[in-house]
Protein chains: 2
Amino acid sequence: MKLVPRYERLQLQVHRFPTLDPSAIETCIAMLRLSNELTGAYEAHFSRHGLSQGRFVVLVQLFLAEDAGGTLSPAEIAELASCSRATMTGLLDTLEKDGLVSRVDHPEDRRMYSVHLTERGRELMQGMLPDHYRRTAALMAHLSQDERETLRALLAKVSTGVPALRDP
Amino acid sequence: MKLVPRYERLQLQVHRFPTLDPSAIETCIAMLRLSNELTGAYEAHFSRHGLSQGRFVVLVQLFLAEDAGGTLSPAEIAELASCSRATMTGLLDTLEKDGLVSRVDHPEDRRMYSVHLTERGRELMQGMLPDHYRRTAALMAHLSQDERETLRALLAKVSTGVPALRDP
DNA sequence: GCAAAATTGTTAGGGGCCTTACTAGATGCC
DNA sequence: GGCATCTAGTAAGGCCCCTAACAATTTTGC
């Protein structure tokens, strides 16, 4: 979603459309724009390791689950990654083909299996996570702890307006 | 990009990865999550009018240009919409097929043409924009003018960190 | 003038993610 | 036990956007 209109010209329409709230649009566009920049930057970073956003989230969730001594089913990963089970099948297919994860049959329920990091997948995560975390820290380096909290609070406030944007 | 990891489990890794900055990640995830909500809500809204984000941006830019008494080439729309010229070709193909825009040959330069709203396209915009603007106003209704300004300032501050996220 | 360079829009092919519809297996209700 | 129902994962197809290579045309530089 890179398609965000420029703001300048909107001023032309203020008199024609009484429902137009310039500061609302300006703020909304600022969020969408930043989110595009962010997504693009993360994508560039991930692609240097042969990953996409989706592939990374799968691997990092497996890495975290492993740390916690557990294992995950496709449906659980899909839930953790906020995507559909069908999308997860596709992600796991290519991750397995690339030798980063393996599918292990469930001993009792033959519909299910669990997903495991391979040694290669584990090494990829261990190798890239320090850099990944460092980059995210750098992204926020210009904001104090107070500013980060304020930002989160304001984002949460915007979030309460989303139903009004979506609903009727 | 709906794939954003849950935050809780990250706490497990703080001791293993010295570069991990929990409040940076938490704030970043909050932004990406909200942006997903926002994008999804806008998509739902647009699809009720037979549009997507991209299709809408094209039409609204043409509508604005018309208001300003001008006309746009595909390359100019692509620039305004922040997408590639190739993507614009595809968007214009389907918009033309749906009778919402028309292509008009450039009188002097035979490589180029300009894009115009059809009557039907213009009516679609006039019909949906009041609702569209009203929804965006509703999204931000819970934030005061001061809060909106603060939010934009903080987003701008985050934006200065993006190169550090992307670069080397 | 005229070949080289630059520019416009298009085509071809691919990646990522989605939704819908399906298959195989487990579970529950009589 | 047997049939309806639910669930897990998959397959197929679509949308949106990208890059790279291309044809047609204009501009530039000798």
Side-chain angles (χ1 to χ4, degrees), chain A residues 1-4 32 35-37 39-44 46-59 71-98 101-115, chain B residues 1-4 32 35-37 39-44 46-47 50-59 71-98 101-115:
Chain A
M1 205 281 300
K2 300 204 63 172
L3 303 166
V4 182
L32 294 174
S35 142
N36 285 342
E37 286 182 54
T39 304
Y42 270 119
E43 233 162 67
F46 287 135
S47 76
R48 279 186 220 111
H49 300 275
L51 297 178
S52 65
Q53 183 91 18
R55 283 160 68 85
F56 172 76
V57 174
V58 173
L59 294 179
T71 177
L72 295 173
S73 69
E76 286 169 335
I77 308 175
E79 172 65 24
L80 291 166
S82 312
C83 73
S84 67
R85 297 200 310 275
T87 297
M88 191 49 57
T89 297
L91 284 170
L92 292 175
D93 282 350
T94 71
L95 287 169
E96 187 173 38
K97 182 169 59 60
D98 293 350
V101 307
S102 64
R103 288 161 149 122
V104 176
D105 286 342
H106 190 288
E108 287 155 23
D109 192 329
R110 296 210 325 229
R111 292 170 306 177
M112 299 164 74
Y113 59 82
S114 60
V115 184
Chain B
M1 204 279 302
K2 298 205 63 172
L3 304 167
V4 180
L32 294 174
S35 143
N36 285 344
E37 287 182 54
T39 304
Y42 269 118
E43 232 163 67
F46 288 134
S47 76
L51 298 178
S52 66
Q53 185 91 17
R55 283 160 67 86
F56 172 77
V57 174
V58 172
L59 294 180
T71 178
L72 296 172
S73 69
E76 286 169 336
I77 309 176
E79 171 65 24
L80 290 166
S82 311
C83 73
S84 67
R85 295 201 314 274
T87 297
M88 192 49 57
T89 297
L91 284 170
L92 293 175
D93 282 349
T94 69
L95 287 170
E96 187 174 38
K97 185 168 59 58
D98 293 350
V101 308
S102 64
R103 289 163 149 120
V104 177
D105 286 342
H106 190 289
E108 286 153 26
D109 191 329
R110 296 211 326 231
R111 293 170 303 180
M112 299 164 72
Y113 59 84
S114 59
V115 185

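Given the structure is predicted, the values throughout are model-derived calculations rather than measurements. Chain identifiers are assigned alphabetically (A, B, ...) following the order of the sequence lines, protein sequences preceding nucleic acid strands; residue numbering begins at 1 within each chain.
Among the nucleotides D:dA8, C:dG9, D:dT10, the one closest to the side chain of B:M112 is C:dG9. When each of D:dC17, C:dG9, D:dG9 is scored by its nearest atom to the side-chain atoms of B:T87, the top-ranked nucleotide is D:dC17.
Spacing between atom CG of A:L51 and atom P of C:dG16 amounts to 10 Å, rounded to whole angstrom units. Atom pair A:I77:CD1 and D:dT10:P shows a separation of 11 Å (rounding to whole Å applied). In this structure, the CG atom of B:L92 is 13 Å from the P atom of D:dC16, given to the nearest Å. Atoms CD (A:E96) and P (D:dT10) sit 9 Å apart, rounded to a whole Å. Atoms CD (A:E43) and C1' (D:dC18) sit 10 Å apart, rounded to a whole Å. Per the geometry, CG belonging to A:L95 stands 14 Å off P belonging to C:dG15, to the nearest Å. Between the CG atom of B:N36 and the P atom of C:dG16 there is a distance of 17 Å, given to the nearest Å.
With sequence neighbours excluded, the residues forming a side chain to side chain donor-acceptor pair (under 3.5 Å) with A:S84 are A:T87, listed by chain and number. In terms of the side chain to side chain donor-acceptor pair (under 3.5 Å) criterion, B:S47 has no residue partners (sequence neighbours excluded). For A:R85, there are no salt bridge (charged side-chain N to carboxylate O under 4.0 Å, His left out) partners at least two apart in sequence or on another chain. Contacts of A:E76 classified as salt bridge (charged side-chain N to carboxylate O under 4.0 Å, His left out), with partners at least two apart in sequence or in another chain: none. Take B:S52 and apply the side chain to side chain donor-acceptor pair (under 3.5 Å) test, not counting sequence neighbours, and it matches no residue.
In this structure, A:V104 and A:Y113 have side chains that are not in contact, with every pair of non-hydrogen atoms separated by 4.5 Å or more.
The residue among A:S84 and A:S52 whose nearest nucleotide of DNA chain C lies closer to the 5′ end is A:S52.
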* Structure fact -> Letter by letter from the 5' end, nucleotides 20-26 of chain C scores (B base, S sugar-phosphate only, - none; protein heavy atoms under 4.0 Å) B----BS

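Side-chain nitrogen and oxygen atoms of B:R55 include none within less than 4.0 Å of the OP1 or OP2 phosphate oxygen of D:dC17. Within the structure, a side-chain polar atom (N or O) of B:Y113 is placed less than 4.0 Å from OP1 or OP2 of C:dT10.
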